[in-house]
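Some notes on the structure that comes next.
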Amino acid sequence: MNEITKAYLPNEVESEIAQKWAAAELGHAVGKVKKNVFTMMMPPANVTGALHLGHAITLTIEDILARFERMKGKDVLWLPGTDHAGIATQNVVEKRLLEKGISRDNLGREKFVEKVWEWKDKYHARISDQIKKMGASCDWSREAFTLDDDRSAAVTHAFVELYKKKLIYRDKKLVNWCPRCQTVLSDIEVEHREEEGNLYFIRYFVSATDRSICVATTRPETMLGDTAVAVHPDDRRYQDFIGKTLILPIVNREIPVVADARVDPKFGTGAVKITPAHDPLDAEIGRTHKLPSIVVIGPHGKMTKHAGRRFVGMPLHEARKAVVKYLDDIGNLEKIEKHAHSVGHCSRCDATIEPLESMQWFVKMQPLAEKALKIVKKGQIEFVPARFEKEFTRWLDEIHDWCISRQLWWGHQLPVWYCKKVPEFADKKNKKKEGCQRMIVSETPPKKCPTCGNLSLVRDADVLDTWFSSGLWPFATLGWPKNTKDFKTFYPNSVLETGYDILFFWVARMVMLGAEFTGKAPFKTVYLHGLVRDEQGRKMSKSLGNGIDPLAMIEKYGTDALRLSLVVGSTPGTDLKFSETKVTGQRNFVNKLWNASRYVFGVLGDKKIEIPSDPAPHGLPDRWILSRLNRLILEANQSFEKYAFGEAAAKIQEFVWSDFCDWYLEITKDTPNKKLLAHVLAQILRLSHPFIPFATEKLWEKFFPNAKKPKLLATEKYPRSLKAHINPKIEEEMQIVIAIISAIRSVRNEMNVEPARQIAAVVYAGKFEPFLKKQSSEIKKLARLSSLVVKKSGKKVENAVAKFEAGLEIYLPLAKLLDPKVEKKRLKADLKETEIYLAVIQKKLANEDFTARAPKNVVDAERAKLQFVEEKIQKIEERLKILK
RNA sequence: GGGUUUGUAGCUCAGUUGGUUAGAGCGCACGCUUCACACGCGUGAGGUCAGAGGUUCGAAUCCUCUCAAGCCCACCA
């Protein structure tokens, strides 16, 4: 017996179906010919992370695409992978080790990295399992990791190539330093937030006079490192001061007053203290005026010895208090005002970012951005939604150099070595010759210094920004820089799907590096999904405690329900408000589909079933469902074409629940057309498979109860519309049938007719009479009628409830049940509503401009409506007369 | 400061190139053990389409402005 459970039980089904797919190597891409391939790289998940809703939406959308393209007959390569996620992973492992009382420094670099690898191996299995749980039909045989051998080789190659092209350089600059992570960050890894702070006004006196300038600052502690005060060259207030020397309070250092147009005379006092070591603008002004740079804040966020004996070693916030107090004591603090300003935070740990001067590695972005822009402007990359193209190009237009070195241990160590040969005879004569400081950039570790032959070379300790390796992802995953078969077959990628929050972090870098290294756009389409938010539209975060665990949702409602809840009612690039109710709603839908199928299989019986590709319709309902189905197929395919997955899913659901279950199945229950049922159900399963892979695959098995090795639904062909079946006339006729049934049900409800009671009905159907007659048994069943008379027209029916719907006259002779008062009230309400409608139409038609200028078909439609409504009103009025 | 998105029923959202009495789901109300499904079925209530102008015979839809919320970018000390 082909048993199907009454309710869909996702947990059992899912593990069984997942095994089936795995055994069939569903996700495996053939990769023999370049033609007819579809390539998509999974955004590499943080290897130590656990599945969250961001992954869930990514995997859902990508799997929908992959399954759809596969069913369209493409050789689909959806390549999964994980990211070593430099800072994030190092932070996590460090924290765990500290809990055991082990510090990173005690362990040493080599041992620490070993520990991280252990960690990686353990958690890699977890995230991979979770990806599988989502139903992801990706190609595990080609899985990649940003730090595996092939990817590392690609990274080294890319670095060395860029260095050779002079697109990578080393320089001492003011960079973003995270005092907690103890590393520099790139500009986009700094999140700016408006914060309430103070503006401190400090008075600086001109040397040996009692004249003074007042400067305004939000960070008074940096005054210890001031090396000038700047004013706008045209500022009348300060003309006399330019060129003079001021005495820096506390420190008592002499600093000049310089004139610089970058100073805004309207801000504060119009005079700015200049701290080149700790502020980006100050650094620039310092450079133009050749000012010295004094570092008063160290890498741990503590004051350095240059800050003076009194402050050395103090953490920043303490130093601020101390400096302010000191200034106040000596009478140099003018006032303090409240002031909101933007403060940079580390995107990984939220610590306040310190601008520090430091020697780092950078990518020169201008030439790379230009190539990327050219590609986009030529239209070689399509953005979905299109508005992101603008954002993308604007960012590239204003690009800054990318700081790529990180002071971490976990990552791709720079392929850079330094010759540190110490002069054997450190006398003045030999120093130059023997103290070789040669830098070597090489894909393979150099054995000796090419300049001086020294054997003890020291490798640069820094590693690369995680996003450097991710930037190579579309081709490094395919074996690049080797010209592999996969690279030749699957590059460029078809679609890049990810969240819009990493447009600059990731997408832009891939486009630039792809253009640079492969000479083409790495993908044809960029699809960006929105962020998943909570019911109130807030970001989900641990601190708010509003996060929903996708795995818990899977446990409770099944993966299919979770997937649907993430796509239905969502549009590309728009944030999605997520809630558990959405998942329950979708669980209900999956169950509905399950039960509709259960019914169909029950009708079909246990015999071997052929699924007919184009079975013959028997009556109006058959023709109608075929018309609706093929219209749906057409629309679903169109929605897919424009990446409107939510729209496609919603249309399918609407069809299944309303057209198929509520009407078709109900109306054909007495005379089911087995072949047609099998066909429609099969098409529904195929259509919805990309969205609801598990339940549909399980149901598909039921078509082949005795087959040893039935074909997978996942490898079926996606339905194509048989347009000949789309028939507006049939749909209109069925609409009349539906209208009659609904009208009778409505009246029954209003008149409180018990559901079980069968009543009689008379319908005067006019031109609809011929086909309605044929449907009378169905109408009787669904409207619970004891008898139904359908005529073109006839005399008034006494003692009956009357309903005028869609040009029909419907009479329900309820005899004793009829209360004239209630019926009168009901008819009057209907009359009133209809009269309002009539007024609207009359007003329109009375407008000569409308009748003269609107297209003829619109005017005609309006006239037809008028007639229709007038007739209805007349009928209601007649009826009311009878009731007196 | 620049850019951008959103504002439609209590909530989440559909509304194609302007032409129906503006739709769906959830929630709500009433009624149903109808033999696929109570994770269900039927019926219903509920909206000045953020506001103000404008274009048009006709605007939720196009234009302008205003208001509100969100996001991105920017070196305002």
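In what follows, chains are A, B, ... by sequence order, proteins preceding strands, each numbered from 1.
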>> What's A/H341 touching, base or sugar-phosphate or nothing? Going by heavy atoms closer than 4.0 Å.
In response: sugar-phosphate
>> Treating primed atoms plus P, OP1 and OP2 as sugar-phosphate and everything else as base, which nucleotides of nucleotides 18-24 of chain B get B, S or - for protein heavy atoms under 4.0 Å?
In response: -BSB---
> So what does A/D264 hit on the nucleic acid, given a heavy-atom distance under 4.0 Å: a base, only sugar-phosphate, or nothing?
Replying inline: base
>> I'd like to check the salt bridge (Lys or Arg N to Asp or Glu O under 4.0 Å) partners of A/R628; sequence neighbours left out, ordered by chain and number.
In response: A/D659, A/E731
> Base, sugar-phosphate, or nothing for A/H278, non-hydrogen atoms under 4.0 angstrom?
Replying inline: nothing
> With nearest nucleotides of RNA chain B determined for A/A340 and A/F504 from heavy-atom distances, which residue corresponds to the more 5′ nucleotide?
Replying inline: A/F504
> Can a donor-acceptor pair be found between the side chains of A/S579 and A/K577 at a distance below 3.5 Å?
Replying inline: no
>> Using a 4.0 Å heavy-atom cut-off to protein, can you give one letter per nucleotide of nucleotides 34-43 of chain B, 5' to 3': B if the base is in contact, S if only the sugar-phosphate is, - if neither?
In response: B-BBSBSSBS
>> Using a 4.0 Å heavy-atom cut-off, does A/T571 contact any base of the nucleic acid, only the sugar-phosphate backbone, or nothing at all?
In response: sugar-phosphate
> Looking at residues 384-401 of chain A, who's got a heavy atom less than 4.0 Å off RNA chain B?
Replying inline: A/R387, A/K390, A/E391, A/R394, A/E398
> What pattern of brackets, bars and dots sums up RNA chain B from 5' to 3', given Watson-Crick or G-U wobble pairs under 3.5 Å, [ ] for crossing pairs and | for another strand?
Replying inline: (((((((..((((.....[...)))).(((((.......))))).....(((((..]....))))))))))))....
> Taking only residues two or more places apart in sequence, or in another chain, which ones meet A/K651 in a salt bridge (Lys or Arg N to Asp or Glu O under 4.0 Å)?
Replying inline: A/E647
> Should A/D830 and A/K872 count as an ion pair when the cut-off is N to O under 4.0 Å?
Replying inline: yes
> Is it true that A/K832 and A/E835 make a salt bridge, defined as a side-chain N closer than 4.0 Å to a carboxylate O?
Replying inline: no
> What do you reckon, are the aromatic ring centroids of A/F640 and A/F691 less than 6.0 Å apart?
Replying inline: yes
